[in-house]
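Scroll down for the structure; my scribbles are underneath it.
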Protein chains: 2
Amino acid sequence: MTIQTKTPVAGIAGSDDPTLYGRIAGDLRQEIAEGKHAVGGRLPTEAALCERYGASRYTVREALRELIDLGLIERRQGAGSKVIADKPRTSYINSMRTLSEFSQYAQDTFFDIRDVTMVRLSEEIAPMISAPPRSMWLRISGIRLNAERNDAICHTAVHVHTRFAPLLEDVKGSKGPIYAIIEERSGEVIAEATQEITAKPMPAWCAPELGVKPGSPAMCFVRRYLDESGGIMLASINWHPAERSSYVTTIRRGDWHP
Amino acid sequence: MTIQTKTPVAGIAGSDDPTLYGRIAGDLRQEIAEGKHAVGGRLPTEAALCERYGASRYTVREALRELIDLGLIERRQGAGSKVIADKPRTSYINSMRTLSEFSQYAQDTFFDIRDVTMVRLSEEIAPMISAPPRSMWLRISGIRLNAERNDAICHTAVHVHTRFAPLLEDVKGSKGPIYAIIEERSGEVIAEATQEITAKPMPAWCAPELGVKPGSPAMCFVRRYLDESGGIMLASINWHPAERSSYVTTIRRGDWHP
DNA sequence: TTTGCATTGTTGTCCAGACAAATTGGGAGA
DNA sequence: TCTCCCAATTTGTCTGGACAACAATGCAAA
């Protein structure tokens, strides 16, 4: 006869949990970690677990809820509990409340618009915003200034899909980021945004406006705002003198729930 | 007599929710958004809500659970429900399952360690990693190569807190990112990481190793890995030739799971 | 064979009640 | 006045039951 030594999986509250649903959840986590319930397979039904532990449905459901929050199982009415992972997700997240926290400069800055025109994309910038060359876009370009309006932060060229052009007739006098105006007036929602950062020498055509020498170190931020189907709603190209800017992101370990 | 037009707050499922707890949660979200329950204040007790809606405690608690998940309230046994925010926690999230997705180059690359020494931080790099000048750190420096080991990606200098130095005696022969080794061997967990990106001319002392000219455009990535109490566990300084690298981040509208 | 339907199993929603545990506030005693 | 303790309030845990909604399965009919 062999004595089975239970080696509890690290981080799983075992039989010391004061609550019954905590212990049930711990047991199930252990069983999933051990492979007793394979990923893709099914967990016992609520009724079966009720009988096994002599617990009420409430208690069992509370335990299963914990496994859902850990990302271990998925439940569908009528179907059952499917095991979708054998270890809890430890996700590192960088969450932001608003889109403007993505582009760090949106708050407390002023966009001095100097030009609004329909343009045909050159071979050079079309790939930057992932649009077909020679397609037409509304370009809104200018200089972003600090709140006191005495210092230039960057040169910005926003390219907006032509279907939004009628909404932006008065863009020069408006406040706030352009994507917000489009979201508000069109009712369309930005589903995804990407940002690409590259270091390049400052181009000659915008160096004077920023008061730096052409060829000096610079960072180019390209932000693309996409709709639900992945189409580009607008994209902005931003040139920052290097000595005035750095880009910081923070992520935190999330043991949480979404 | 004025007709009060109820303008539902965007994104809140209103009276069309088929479930009772969903409608209760919607009402409460609306009231919080409107400021009827101020941040820092208290929500009505479960008993009060039960009476107001003629619902059972189960139903009311289910509604309150939704507000907890949204990060709007906080509950403590015996105390009550405190309002801690007036809008849901995150609209846009950039989530990653692992830390290595943060530094995009960790996968499929090889870290060719060329030097491991205890160093005293200079006045120049101490502020880069937010450490006191002249403090002692273990510096592990070298070149990160692509998977085929025929092309240099960047120059990396990892500064590790001295308390981990004994764990890294054999670091030269080990695989995987250094923070992972430290997490595994020390048991300490990285709670937060920050990354700072700046554009600067390539320094002369690492230009030759990367095969580029000193002063050419470059990006400097500084990553800091912090423990629970905010102390720096390790920090890395990475110099990338600009023409070989760009940094991309994507965020999604996140109403739910990552 | 394929389509449609009914049956059965499973989870979702909801109720009423009970006791436990934590917090809070006020009153009695030092 | 200050401290300690008790009692009321409030949320946490748990039971038992009921019906609804959805999914899967097998059977019957086309």
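Naming: A, B, ... by sequence-line order, numbering from 1 per chain.
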Would you say the ring centroid of B/F221 lies under 6.0 angstrom from that of B/Y247? yes
Rounded to whole Å, please give me the gap between OH in B/Y53 and C1' in C/dC14. 16 Å
Nearest of C/dT11, C/dC15, D/dT15 to any side-chain atom of A/A55? D/dT15
Any donor and acceptor pair, going by atom type alone, linking the side chain of B/R23 with main-chain N or O of B/D17 inside 3.5 Å? yes
I'd like to know if A/R61 pairs up with B/E62 as an ion pair, taking the criterion as any Lys NZ or Arg NE/NH1/NH2 lying under 4.0 Å from an Asp or Glu carboxylate oxygen. no
Taking CG from A/L67 and C1' from C/dT11, how many angstroms apart are they, rounded to a whole number? 15 Å
Using whole Å, what does the distance between atom C1' of nucleotide C/dG12 and atom CZ of B/R65 come to? 14 Å
Shortest side-chain distance from B/Y21, nucleotide among C/dT10, C/dG12, C/dT23: C/dG12
Atom-pair distance (OH on B/Y58; P on D/dA18), nearest Å: 17 Å
How many whole angstroms separate atom CD1 of B/I24 from atom P of C/dT13? 13 Å
Roughly, in whole Å, what's the span from CZ in B/R75 to P in C/dA21? 18 Å
Looking at D/dT15, I'd like to know if its phosphate oxygens (OP1 or OP2) sit under 4.0 Å from a side-chain N or O belonging to A/T59. yes
Any B/R61 side-chain N or O less than 4.0 Å from OP1/OP2 of D/dG12: yes
Please compare B/E46 and A/R42 by the position of their nearest nucleotide in DNA chain D and report the one closer to 5'. B/E46
Provide, to the nearest angstrom, the distance between the CD1 atom belonging to A/I73 and the C1' atom belonging to C/dT10. 13 Å
If I take atom CD in residue B/E66 and atom C1' in nucleotide C/dG12, what distance separates them, rounded to the nearest angstrom? 14 Å
Nearest to side-chain heavy atoms of A/L20, which nucleotide of D/dT15, C/dG12, D/dA24: D/dT15
Picking from C/dT11, D/dT11, D/dA23, which would you name as closest to the side chain of B/Q77? D/dT11
Of D/dA18, D/dT13, D/dT10, the nucleotide closest to the side chain of B/R57 is D/dT13
In plain terms, say whether A/D69 and B/R65 are close enough for a salt bridge, that is, a side-chain N and a carboxylate O under 4.0 Å apart. no
Sidechain-backbone polar pair: B/R223 side chain, B/L234 backbone, donor-acceptor under 3.5 Å: no
